[in-house]
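Every chain is numbered from 1 and lettered A, B, ... according to where its sequence line falls, protein lines coming before strand lines.
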Number of protein chains: 4
Amino acid sequence: MPGYTMQKQQLQTRLRRIEGQVRGVARMIDEDKYCVDVVTQVAAIQAALDKVSLGLLDGHIRGCVRDEIKAGGGEAKVDELLEVMDRVLRR
Amino acid sequence: MPGYTMQKQQLQTRLRRIEGQVRGVARMIDEDKYCVDVVTQVAAIQAALDKVSLGLLDGHIRGCVRDEIKAGGGEAKVDELLEVMDRVLRR
Amino acid sequence: MPGYTMQKQQLQTRLRRIEGQVRGVARMIDEDKYCVDVVTQVAAIQAALDKVSLGLLDGHIRGCVRDEIKAGGGEAKVDELLEVMDRVLRR
Amino acid sequence: MPGYTMQKQQLQTRLRRIEGQVRGVARMIDEDKYCVDVVTQVAAIQAALDKVSLGLLDGHIRGCVRDEIKAGGGEAKVDELLEVMDRVLRR
């Protein structure tokens, strides 16, 4: 069972809101809204997605990573965690 | 008319794809997909949104900012541009 | 003459401070300071470097880019500007 | 003993190189080098600092965080880890 199981509802709520924000940006462009305001809105979506990533990593560390460490291992999990953190950091 | 008018269609296509990717992430969570794979997918959405921001800024610079510079001004537009770039950079 | 000429002094002051901060991080590691505090300090350096980049881009846009736009061109400069903004964004 | 003890030498080498790169940027500005080239160099420093942060977090997770998890706790350490990851992400 993935580590984020307990926060699934919260993550889904956030993603639904983000989906709405993406549609909102499409609408802003459709209505020729001022470019700087559209970019500001895109930055807000990115901040919301950062929170989703951190929420997922939170569950992952407290779930999978912790379980393997407790079982005496976890090296491969930590390698993988650092790799995905690098990917998040560099986008 | 906002500077991005000419690329509107391309931006809309990208945003529709991003909306689909966000729904895809919600589905992955729903199906208990492996957390690291979900985070990787969120990072891909972030990269796609970066391209949308740069596309918008591109149109803005070649449109509004250039027009005001040509008209002998543009100082306030450049101030505003730097501010929004800062917002994009820091999210 | 590069666009940042007028702010050269301010940029140099910031870079000297950043150089000191980098040495400070080396010292923290040398003294086995708590890892999370070291990472926090590195994040502060990153924020300071972001400001240097924005300061440089500010001068560039008000200098080179504006001059070429005023001279009736600037397309290649804007292309180049967007490319470097992409590089800053993705590091 | 902090988790990064074993990689101390490598981190110090990187930080010395970064310090040199910061001085290099100051020199480029002093010599009126082309702004876009200077920004590109600053982006390279930021990428190098990202690696330092990830190196520090690597040691921290394999050290402090793992030790506390093994000892049956670690909740506060994971809270703190997520907080600092957020700080790194947003700069």
For the candidates I18(B), D30(B), L81(B), which exhibits the highest count of non-hydrogen atom pairs separated by less than 4.5 Å from chain A?
D30(B)
If you count heavy-atom pairs under 4.5 Å with chain A, which of S53(B), A26(B), G55(B) comes out on top?
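Looking at each of S53(B), A26(B), G55(B) in turn, A26(B) comes out on top.
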Sort by residue number and list every member of residues 66-76 of chain A having a non-hydrogen atom under 4.5 Å from chain B.
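Not one residue of residues 66-76 of chain A has a heavy atom under 4.5 Å from chain B.
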Considering only heavy atoms from C-beta outward, does the side chain of L49(B) approach that of L49(A) to under 4.5 Å?
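When only atoms from C-beta onward are counted, L49(A) and L49(B) do touch, with a gap below 4.5 Å.
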Test item: K8(B) and D32(A) side chains (from C-beta on) under 4.5 Å apart, heavy atoms:
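A side-chain contact under 4.5 Å exists here.
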Need one label for E19(A): side chain, backbone, both or neither, based on atoms under 4.5 Å from any heavy atom in chain B.
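For E19(A), heavy atoms of backbone and side chain both lie under 4.5 Å from chain B.
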Side chain from CB out, backbone as N, CA, C, O: work out which of these in L11(A) comes under 4.5 Å of a heavy atom of chain B, or both, or neither.
side chain
Find the distance between CG (L15(A)) and CD (Q21(B)) and round it off to the nearest 0.5 Å.
12.5 Å
I need the I29(B) CD1 to R14(A) CZ distance, nearest 0.5 Å.
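Output value for this atom pair is 11.0 Å.
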Residue among V38(A), T40(A), V42(A) satisfying side-chain contact (heavy atoms from CB on, under 4.5 Å) with V84(B)
T40(A)
Interface moiety of M85(B) toward chain A, non-hydrogen atoms closer than 4.5 Å:
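M85(B) has no heavy atom closer than 4.5 Å to chain A.
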Tell me, side chain or backbone of V52(B) under 4.5 Å from chain A's heavy atoms, or both, or neither?
side chain
Output yes when a side-chain donor or acceptor of Q46(B) lies under 3.5 Å from a complementary backbone atom of Q46(A), and no otherwise.
yes
